[in-house]
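Just so we're on the same page: letters track the sequence lines, and every chain starts at 1.
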There are 2 protein chains.
Amino acid sequence: MKLREFAQQLGLSPTTVSRALSGYPEVSEKTRKRVAEEAARLGYRPNINAVRLVTGRAGAIGVVMGRSGEFHFSEFMGGLAERLGAEDIDILVSPMDDKDPKGEIQLYSRLAVSGRVDAVIVHSPEPNDERIALLHKLGMPFLVHGRSDTDVPHAWLDIDNEGAIRRATSHLIDLGHRRIAMINGRQGRTFSLHRDKGYRDALQARGIPFDPRLVAHGNFTDELGFRFARSFLEQTPRPTAFVAGSMMTALGIYRAARSMGLEIGREVSVIAHDDVFPYLTADNMVPSLSATRSSMRAAGARSADLVLQLLAGRPTSEVQELWPVELILRESTAPPPQSK
Amino acid sequence: MKLREFAQQLGLSPTTVSRALSGYPEVSEKTRKRVAEEAARLGYRPNINAVRLVTGRAGAIGVVMGRSGEFHFSEFMGGLAERLGAEDIDILVSPMDDKDPKGEIQLYSRLAVSGRVDAVIVHSPEPNDERIALLHKLGMPFLVHGRSDTDVPHAWLDIDNEGAIRRATSHLIDLGHRRIAMINGRQGRTFSLHRDKGYRDALQARGIPFDPRLVAHGNFTDELGFRFARSFLEQTPRPTAFVAGSMMTALGIYRAARSMGLEIGREVSVIAHDDVFPYLTADNMVPSLSATRSSMRAAGARSADLVLQLLAGRPTSEVQELWPVELILRESTAPPPQSK
DNA sequence: GCAAACGACCAAACCGTTTTAAATTTTGCC
DNA sequence: GGCAAAATTTAAAACGGTTTGGTCGTTTGC
């Protein structure tokens, strides 16, 4: 049913009906109520594409999905969707070819120009991120999940990676560990740099020299966790503790330790960062995994809020949120063997 | 830039330009080329919302995302996006509240009526699925990822769950196992039923009685894998082998066995279904995990193809694809201890 | 040599809303 | 009761494309 027919049935003009439904003030309360009731009864809904054309709003926000193993992606999306569903705003997912860095910029560019979305969410930024510069230049509203060091102003939501890893590392030091290995995320990403800094600062604060041979970077996969942990554990003296970037990495470390006959929580301590997944929980691992924890789903939901605020006109400089991270100690951390 | 201005600059009518860009035949090859070149040079792109309004096509397909731990979701989406990105078709994600079954139908209904999408993908159907009936009734094109037993005609892409589990179970029987436990997916889903059937048929074919105490259903989480495996292993006589529905379930089973001092691949055999994730690979588990394997990402990509075919007018009854499943034997399966 | 068919292009109608500007009705006040 | 101001309602103009139904030469068929 079109607006025209619907209005005719009500004996009103399309204008009034449109206004009544959109909540404009210049329509009497009585008519508004009647219009709303009849709309529900007759099932009238404005054609979304006509609305989009005339208002210039897309009613959607864009998310770019990387190709390589993004298991936290669906949690973030879940949170986003949860909050956005109530607002009648769509989520539009675009794929990104990780292999072609040029393609990424083009993709964002297309997304911004095409008018399909009102705003974009940028993930895993780098300190000087090209995407951020581009979106700013194009005037497309965007929220960064993470942060960037660039001069370009940007709204962001990030967790305190530096503080989380500093505390995790400090805790291991407190327990008596001196050789602490770190398996971090992809090199170059801001969050990896922040974690590196937290790690180094914790060491430095206690006068423990930084050993580059104990640090590795890469995607969050069980395989890399295993390989890196394995190669670290083959060093002499071997590390007595690990700080790991993700749950998958932790799985790999557990395997590596086990494969070398080392008992986690006694001969090797592990702390990982847990984004909180319904399907893989730190508490259930054996031994249960000490972790810095921050819900990816909650971040997604909050990101939706922030994007909405951005679109409502709140200035970019005000939309910046840093979340503290919990440190939850479980069985995988203990004093190193020699100091027991 | 609008079509009008752009056409004027070229000295052509909007009609001709529109046709040239859309590839209609009634425009000379020479002009078409000129139009294409100038469009690229001047950066003209038709306003997508105007196109949507006038054509009535949304240029998007919808995917409904469940709330509970869908770690395969992002892989499927990745495949989908990969293929759809080239077609300039958007993917629209809607959240679903798992707790409210009524809400789900409403959601699909809204999606279909709202005109935001040209087609929908339905996941994890049930034998008599309400969503399928609804979409059929509303005349909204849709593809089911999985299958349904309903009379309602529907296009689908599914993997041969029954065959996969039959072969997995048969293989365990061949190795000498007699008490084989099965940790399946959520009760009521078609794929769970198919897997149950494969399991039972394999047992029956070899005259092994079916024992309901060896079968469990639930979400694919490590926690349920652990709990079920644990309770099965506490039975006497205990099962000597497991068939598991997912990688996460397998992780739980590994943990359970280990926690009881049982060695996987010697005292307990395990075969799981692997949807192929970049971040967690069966080959890298210790011991490496025997698995029935089928790529979720490939299924996503193919689903995109099929939806496109559906939209191009290919009849529903022709769009039905059943994929065979590989069985890959690794270290986690071996003859049971007593028969060694 | 002439009508019919064809190729290349165009003017105008239309898609279904929102919004501007103007018209109409109500209300408030003396 | 009359008049200006306020409160409602409306007609018509966008929004930016696609598509229908021509027009105007040029070929083609016989």
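- Each of B:Thr31 and B:Thr55 was matched to the nucleotide of DNA chain C holding its nearest heavy atom; the match closer to the 5' end belongs to B:Thr31.
- Interatomic distance, B:Asp158 CG to B:Gln320 CD, rounded to the nearest 0.5 Å: 11.0 Å.
- At a threshold of 4.0 angstrom between heavy atoms, the contacts of B:Ser28 are confined to the sugar-phosphate backbone, with no base atom among them.
- When the options A:Arg131, A:Met140, A:Glu130 are evaluated for a side-chain contact (heavy atoms from CB on, under 4.5 Å) with A:Tyr108, the one that passes is A:Arg131.
- Between the CG atom of A:Leu53 and the P atom of D:dA13 there is a distance of 18 Å, given to the nearest Å.
- Contact annotation: B:Ser13 does not reach the phosphate of C:dC9 (side-chain N/O to OP1 or OP2, under 4.0 Å).
- Checking the phosphate oxygens (OP1, OP2) of C:dT19, a side-chain nitrogen or oxygen of A:Tyr24 falls inside 4.0 Å.
- If you check C:dC15, D:dT19, C:dT17 against the side chain of B:Ser18, the one that comes closest is D:dT19.
- Within residues 37-47 of chain A, the residues approaching DNA chain C are A:Tyr44, A:Arg45, A:Pro46, A:Asn47, by heavy-atom distance under 4.0 Å.
- In this structure, B:Leu12 places its CG atom 11 Å from P of C:dA11, rounding to the nearest Å.
- Using a 4.0 Å cut-off between charged side-chain N and carboxylate O, B:Glu38 and B:Arg41 make a salt bridge.
- In this structure, A:Trp156 and A:Ser148 have side chains that are not in contact, with every pair of non-hydrogen atoms separated by 4.5 Å or more.
- Between B:His123 and B:His145, the angle of the ring planes goes over 60°, which puts this pair in the perpendicular group of the 30/60° scheme.
- The pair B:Asp90-B:Arg52 counts as a salt bridge, with a side-chain nitrogen and a carboxylate oxygen less than 4.0 angstrom apart.
- Between the CG atom of B:Leu3 and the P atom of C:dA12 there is a distance of 16 Å, rounded to whole Å.
- Whole-Å rounding puts the A:Arg19 CZ to C:dT17 C1' distance at 13 Å.
- The distance from the CD atom of A:Gln9 to the CG atom of A:Leu12 is 11.5 Å, given to the nearest 0.5 Å.
- A straight line from CZ of B:Arg52 to P of C:dT17 spans 16 Å, rounded to a whole angstrom.
- Between B:Asn49 atom CG and D:dG17 atom P the separation is 11 Å, expressed in whole Å.
- The closest side-chain donor-acceptor pair between A:Thr15 and A:Ser18, if any, does not fall under 3.5 angstrom.
- The shortest distance between the side-chain N/O atoms of B:Thr16 and the OP1/OP2 oxygens of C:dC10 is below 4.0 Å.
- Overall, the helix from C:dG1-D:dC30 to C:dC30-D:dG1 carries an axis bend of 40° between its ends, with five pairs at each end and the value rounded to 10°.
- One finds a salt bridge joining B:Glu82 and B:Arg297 here, because a Lys/Arg side-chain nitrogen approaches an Asp/Glu carboxylate oxygen to under 4.0 Å.
- Atom CG of residue A:Leu143 and atom CG of residue A:Leu135 lie 11.0 Å apart, to the nearest 0.5 angstrom.
- What separates CE of A:Met1 from C1' of C:dT17 is a distance of 15 Å, to the nearest Å.
- Below the 3.5 angstrom threshold, one finds a donor paired with an acceptor across the side chain of A:Thr15 and the base of C:dT19.
- Residue B:Glu26 contributes atom CD, which lies 17 Å from atom P of D:dT23 at whole-angstrom precision.
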